[in-house]
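Remarks on the structure that follows.
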Amino acid sequence: MKKIFFLAFLLPGTLLSAADFSAEVRPDAKYRVVLTAPAPPEWQIRFTDADGNIPLGGILSSRGERYRGAEKNTYVREFYTPHFAKKATLRTKDKVENVRFEAVGDSKYLNLNPEFRLGSENYSGYARTTQSVIRKGADGNYLEVSDSRYGMTLTDPVPVTPGRTYRVSLRREGPGVPKKNSGVYIRFLDKTGNVLDNQRNYWKQSFTFYSNWKNDFPASKQFTAPPSAAFLECLLLDGKFAAFYLTEEKKRGEAR
């Protein structure tokens, strides 16, 4: 199976022609685009290299319904820039205003929105969701993934380095002990978004979040990025998650 990096609900470029907004960006960095619009917009972010080309995997597409900000008619989308990115261009089908690109500060967590802080209607950091919802709980927002056959949430691709070790950690939401285990599946992608190794092995790189683990205990598992790995994706199944973290394990002597 092949997957193009940042390709989610790709909209034909001919449909997005109302306006373009560009900004210079750094490669392999975390950014946020903020805009206002009278109605949920559709847009693409196009990443160009030093020669002005859009390499394979250079388009990120979004629909505004899932990226509402705290203020009325404000839309927010966070993202990682690809390794070749020199410029990011926002292309919209609808009229938008107050567009700005912002560099997001460093975080000890590599994944976007690890504690679902952007709001119950905001999935920024997650490329695809099915029968899932972000709800507001007593201690903050949490992700609820239906325990049906089709319930799932897929994270955005997160930059990784071959040979480095990464820890996936989760924390449950709600009182008591859940009755069902939750599943987390890991896969690594190369720079063009192709899945490394046989797709069947993707299902072997799993992490079971057992139902008898306490809700406030951050259960975790380590994974090492194989050669040619450029990105990591996580698929979450079945359960209510108060937080989802991805961190890089530092080697001895490295600053944390």
Side-chain angles (χ1 to χ4, degrees), residues 1-8 10 25-31 47 49 54-60 78-86 104 106-114 124-130 143 145 152-171 181-210 218-239 241 243-256:
M1 172 182 173
K2 294 186 177 181
K3 183 179 188 305
I4 298 178
F5 172 47
F6 287 142
L7 183 60
L10 181 61
V25 295
R26 293 182 292 109
D28 297 319
K30 190 174 176 179
Y31 281 84
F47 301 105
D49 60 18
I54 303 176
L56 181 66
I59 296 179
L60 164 65
E78 293 187 348
F79 56 90
Y80 283 107
T81 55
H83 68 282
F84 55 78
K86 296 296 183 181
V104 177
D106 291 336
S107 170
K108 62 181 178 179
Y109 306 122
L110 298 176
N111 60 307
L112 300 170
N113 197 16
S124 187
Y126 297 86
R128 179 182 171 193
T129 62
T130 303
L143 172 68
V145 183
M152 54 77 72
T153 294
L154 179 68
T155 69
D156 280 348
V158 176
V160 296
T161 302
R164 300 304 294 260
T165 299
Y166 299 86
R167 181 178 297 276
V168 174
S169 303
L170 300 100
R171 183 163 53 83
N181 296 340
S182 298
V184 182
Y185 296 90
I186 310 297
R187 68 177 177 184
F188 292 95
L189 314 175
D190 65 16
K191 287 185 176 182
T192 61
N194 294 324
V195 177
L196 295 175
D197 206 351
N198 190 303
Q199 177 67 13
R200 294 180 179 179
N201 292 334
Y202 165 41
W203 300 102
K204 295 179 182 179
Q205 295 187 130
S206 62
F207 165 37
T208 301
F209 195 6
Y210 291 103
S220 63
K221 185 174 181 179
Q222 291 182 336
F223 297 89
T224 299
S228 301
F231 302 98
L232 177 153
E233 292 178 328
C234 297
L235 181 71
L236 281 67
L237 305 175
D238 301 342
F241 304 101
F244 169 76
Y245 309 108
L246 177 65
T247 56
E248 181 177 348
E249 297 290 287
K250 301 299 183 182
K251 296 180 179 179
R252 182 175 297 181
E254 289 183 329
R256 288 185 176 271

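- Taking the side chain as every heavy atom from C-beta outward, I186 and F207 never approach each other to under 4.5 Å.
- In this structure a side-chain-to-backbone donor-acceptor pair under 3.5 Å is missing from D190 to A229.
- Here the straight-line distance linking atom CG of L196 with atom CG of L189 works out to 7.0 Å at 0.5 Å rounding.
- Here the closest heavy-atom approach between residue F79 and residue T81 is recorded as CE1-CG2, 4.0 Å.
- For the atom pair CD of E233 and CG of D156, the computed distance is 8.5 Å after rounding to the nearest 0.5 Å.
- In this structure, NZ in K30 is found 5.0 Å from OG in S107, a value given to the nearest 0.5 Å.
- Every residue meeting the side-chain contact (heavy atoms from CB on, under 4.5 Å) condition with T130, not counting sequence neighbours, appears here in chain and number order: R128, Y150, M152.
- Looking at T155 and N111, their side chains never come closer than 4.5 Å, going by heavy atoms from C-beta outward.
- At distances below 3.5 Å, at least one donor-acceptor pair connects side-chain atoms of Y166 with backbone N or O atoms of T161.
- In terms of heavy-atom proximity, F84 sits nearest to G58 at CZ-CA, 3.8 Å.
- Here the closest non-hydrogen pair linking V195 and R187 is CG2-NH1, 3.8 Å.
- Every residue two or more places apart in sequence or in another chain was checked for a side-chain hydrogen bond (donor to acceptor under 3.5 Å, both in side chains) with T247, and none qualifies.
- Listed here is the closest heavy atom pair of Q222 and R167: NE2-NH2, 2.7 Å.
- Checking side-chain atoms of S124 against main-chain N and O of E78 turns up a donor-acceptor pair under 3.5 Å.
- Side-chain contact check for F241 versus V145: some heavy-atom pair is nearer than 4.5 Å.
- Looking at heavy atoms from C-beta onward, P114 lies in side-chain contact with Y245 at the 4.5 angstrom threshold.
- For the pair L60/F47, a side-chain contact is recorded, criterion being any heavy-atom separation below 4.5 Å from C-beta on.
- Summarising the geometry of P55 relative to D49, their closest heavy-atom pair is CG-OD2, 3.7 Å, with the distance given to 0.1 Å.
- A side chain to side chain contact (heavy atoms under 4.5 Å, CB included) with F223 is found for exactly one of V168, V160, T165, namely V168.
- Closest heavy-atom contact between P162 and P227: CB-CA, 4.1 Å.
- Between L237 and Y185 there is a side-chain heavy-atom pair separated by less than 4.5 Å.
- In this structure, CG in N113 is found 10.0 Å from CG in L143, a value given to the nearest 0.5 Å.
- Under the 4.5 Å side-chain criterion, counting only non-hydrogen atoms from C-beta, L246 is in contact with L232.
- If you take CG on L236 and OH on Y126, they are separated by 7.0 Å, rounding to the nearest 0.5 Å.
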